[in-house]
Amino acid sequence: MVRGGAPLRGEVSVSGSKNSTLALMAGALLASGETRLRNVPRLRDVDTMLEILRALGVRAEWDAEEPRCVRIDASSIASPEAPYDLVRKMRASFLVLGPLVARCGMARVSEPGGCAIGVRPIDQHLKGLAALGAKVRLDHGYVEASTTGLRGGRVAFDVSTVNGTQNVMMAAVLAPGESVLENAAREPEVVELATVLNRMGADVRNAGSDRIAVRGVAALRGVHHDVAGDRIEAGTLLAAAMITRGDVRVTGVDTSTLESTLDKLRETGAELEVEPSAVRARSLGALQGVRAVTAPFPGFPTDMQAQLLAVLTLAKGSSVVTERVFENRFMHVPELQRMGADIALSDRSAHVRGVARLSGAPVMATDLRASAGLIVAALAADGETSVSRVYHIDRGYERIEEKLRSLGAEIRREG
Ligand code: EPZ
């Protein structure tokens, strides 16, 4: 339940990155000995990944003393099979495929299937593993991959895929010889994974560019790592500050990973003070309409599209937001229209005409970022909004209502 209207003010720290954490947890499968990840967000998706790792026969748990620390020891992997019941809960589970093939010479992982935002095929993951010498086949809803020994190879991705790049990079680190990943994803979560793999003993170069080179090594060992702050959570909190005409300083995030988001917020009229690991956003004047097109990093992130769209519903003039990464990521639009937003969808764009105010209404979350967009809108709406199906938001935001309340928002969880 959100009662809109209060300008958000104050300072808030983001949690560790969900998407980085999930990839790093899969990466721990490559190493013998214990990997400790700190600054891990307490999220349902992290618990699901812990369940998956345990299903593989790996020791994986939250540290008893340190609340945001997970400990993973994959010195032995009993069964390289990730079951449908767990994988269907979270697509990112598919990130265990590459490490399992590399460590065990075989893997059986349930196909993740589509989701609310798109068909989300896995062809690039499979193409990459095949290029490294794995035999890959689909069997009764499972991907079965096996090899007598991976070897270095050239992988040219047809699309820039984050998890595809991560999966293939993780397989390549134990594949003797040189591998080259072309048209690789450049997201910070790819770079953080490569950094940790190198600390484990791997030899990955040029991560962050679209051409990653990997020289295979014999073995990796566990390390300790502090997960980076969540750049999408940071962007979400800044969008909330903007739409409520507030003044918020967000800390604990590497602001160099936020540039395209900050550029877009600046265009809407945000006054920003940017430091290496903190950013203050103030909304002084009227919100301005903008054009935005989602794209792979360093372009404007698709995971910020819904939150930006919410801000633009109250901006002067017209805006156009084009979704180029996923084919069905405007599920939040009908819900924003219920709150009085003036949005027309055509092809892959949302055409927004700014309105003077939004009104609170019962709305329904359909996926993680759509629910974040609805909460951002609700914070500026007249009256009360009830956002249902918040389990979507709990997948990616840790205690979001507490963080927003600490900034002065009127928000509470019910039921
Ligand atoms: C990651 O998903 C993130 N998830 C997503 O965040 C994020 O939206 C996405 O990257 C894009 O930034 C995690 O890291 C766990 P992609 P991923 O493969 O890797 C097509 C969130 O809200 N494609 O980069 O699955 C695909 O259909 C989530 O936190 C193929 O065609 O996304 C899409 O159109 C949602 N074949 C495009 O590439 C493939 O084999 C980009 O998807 C793989 C992808």
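Both counts, for ligands and for their atoms, begin at 1 and track the order of listing.
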**Asked** At their closest point, which heavy atom of A315 faces which heavy atom of G289, and how far apart are they?
**Response** CB-N, 3.7 Å
**Message:** Quick test of your reading of the model: are R211 and E182 salt-bridged, counting only N-O distances below 4.0 Å?
**Reply:** yes
**Prompt:** Is any NZ, NE, NH1 or NH2 atom of the basic residue among R282 and E273 found under 4.0 Å from an Asp or Glu carboxylate oxygen of the other?
**Reply:** yes
**Asked** Of the choices L95, D45, T165, N19, which has the non-hydrogen atom that lies closest to atom 15 (C) of ligand 1?
**Response** N19
**Request:** With side-chain contact (heavy atoms from CB on, under 4.5 Å) as the test, would you mind laying out the steps for Q124 and V168 before giving the verdict?
**Result:** CA-CA 9 Å; Q124 299 297 305; V168 177; over 6 Å; no
**Request:** Check N163 against ligand 1 and report side chain, backbone, both or neither, counting heavy atoms closer than 4.0 Å.
**Result:** both
**Message:** Residue-level breakdown please: for R329 versus ligand 1, do any non-hydrogen atoms fall below 4.0 Å on the side chain, on the backbone, on both, or on neither?
**Reply:** side chain
**Prompt:** For ligand 1, is G164 a contact, meaning one of its heavy atoms is under 4.0 Å away?
**Reply:** no
**Item:** Minimum heavy-atom distance M242-L287, with the two atoms named
**Value:** CE-CD2, 3.7 Å
**Fill in**
Heavy-atom closest pair (A194 atom, M169 atom, distance to 0.1 Å) is N-CE, 3.9 Å
**Fill in**
Atoms of ligand 1 under 4.0 Å from any heavy atom of A92, numbered from 1 in the order shown, are 15 (C)
**Item:** Contact atoms of ligand 1, heavy-atom distance to H125 under 4.0 Å
**Value:** 40 (O)
**Item:** Min heavy-atom dist E189 to ligand 1 below 4.0 Å
**Value:** no
**Asked** Of the backbone atoms (N, CA, C, O) and the side-chain heavy atoms from C-beta on, which set of Q124 has a member under 4.0 Å from an atom of ligand 1: side chain, backbone, both, or neither?
**Response** both
**Asked** Does a donor on one side chain and an acceptor on the other come within less than 3.5 Å for E275 and T255?
**Response** no
**Prompt:** K18 near ligand 1, heavy-atom distance under 4.0 Å?
**Reply:** yes
**Complete:** heavy-atom search around atom 11 (C) of ligand 1 in the protein gives T302 CG2, 3.9 Å
**Complete:** protein heavy-atom neighbour closest to atom 29 (O) of ligand 1 works out as R369 NH2, 2.8 Å
**Asked** Should you measure from each heavy atom of D303, which atoms of ligand 1 turn up under 4.0 Å away?
**Response** 5 (C), 6 (O), 7 (C), 8 (O), 21 (C), 22 (O), 28 (C), 29 (O), 35 (C)
**Item:** Under-4.0 Å salt bridge between R231 and D303
**Value:** no
**Asked** Looking at L37 and T21, what are the two nearest heavy atoms and their distance?
**Response** CD1-O, 4.4 Å
**Asked** Which bit of V159 gets closer than 4.0 Å to ligand 1, counting heavy atoms only: side chain, backbone, both or neither?
**Response** side chain
**Prompt:** Taking atom 34 (O) of ligand 1 as the point of reference, which of T161, V325, V119, L126 owns the nearest heavy atom?
**Reply:** V325
**Prompt:** Using a heavy-atom cut-off of under 4.0 Å, does the side chain or the backbone of D123 touch ligand 1, or both, or neither?
**Reply:** both
**Prompt:** Is ligand 1 under 4.0 Å from a heavy atom in the side chain of S160, in the backbone, in both, or in neither?
**Reply:** backbone
**Asked** Taking NZ, NE, NH1 and NH2 as the nitrogens, is one of them in E323 or R329 under 4.0 Å from a carboxylate oxygen of the other?
**Response** no
**Identity and distance of the protein heavy atom lying nearest atom 17 (P) of ligand 1** = R120 NH2, 3.6 Å
**Exercise: identify the closest heavy-atom pair between L150 and A102** = CD1-CA, 3.8 Å
**Asked** Hey, is E402 close enough to R405 for a salt bridge, meaning N to O under 4.0 Å?
**Response** no
**Request:** Check each heavy atom of Q166 against ligand 1 and say whether those closer than 4.0 Å belong to the side chain, the backbone, both or neither.
**Result:** neither
**Message:** Which residue and atom name correspond to the protein heavy atom nearest atom 32 (O) of ligand 1, and how close is it?
**Reply:** F326 CZ, 3.8 Å
**Complete:** Checking heavy-atom distances from atom 10 (O) of ligand 1 to each of D230, I117, V162, the winner is V162
**Prompt:** Under a heavy-atom criterion of less than 4.0 Å, does E233 contact ligand 1?
**Reply:** no
**Prompt:** Taking the non-hydrogen atoms of A23, is any one of them nearer than 4.0 angstrom to ligand 1?
**Reply:** no
**Request:** Take E192 and S20 through the side chain to side chain donor-acceptor pair (under 3.5 Å) test and state the conclusion after the steps.
**Result:** CA-CA 7 Å; E192 187 168 5; S20 254; 2.7 Å; yes
**Prompt:** Considering only the protein, which heavy-atom contact is closest to atom 43 (C) of ligand 1, and what is its distance?
**Reply:** P121 O, 3.3 Å
**Note: R205-D203 ion pair, threshold 4.0 Å (strictly below)** = yes
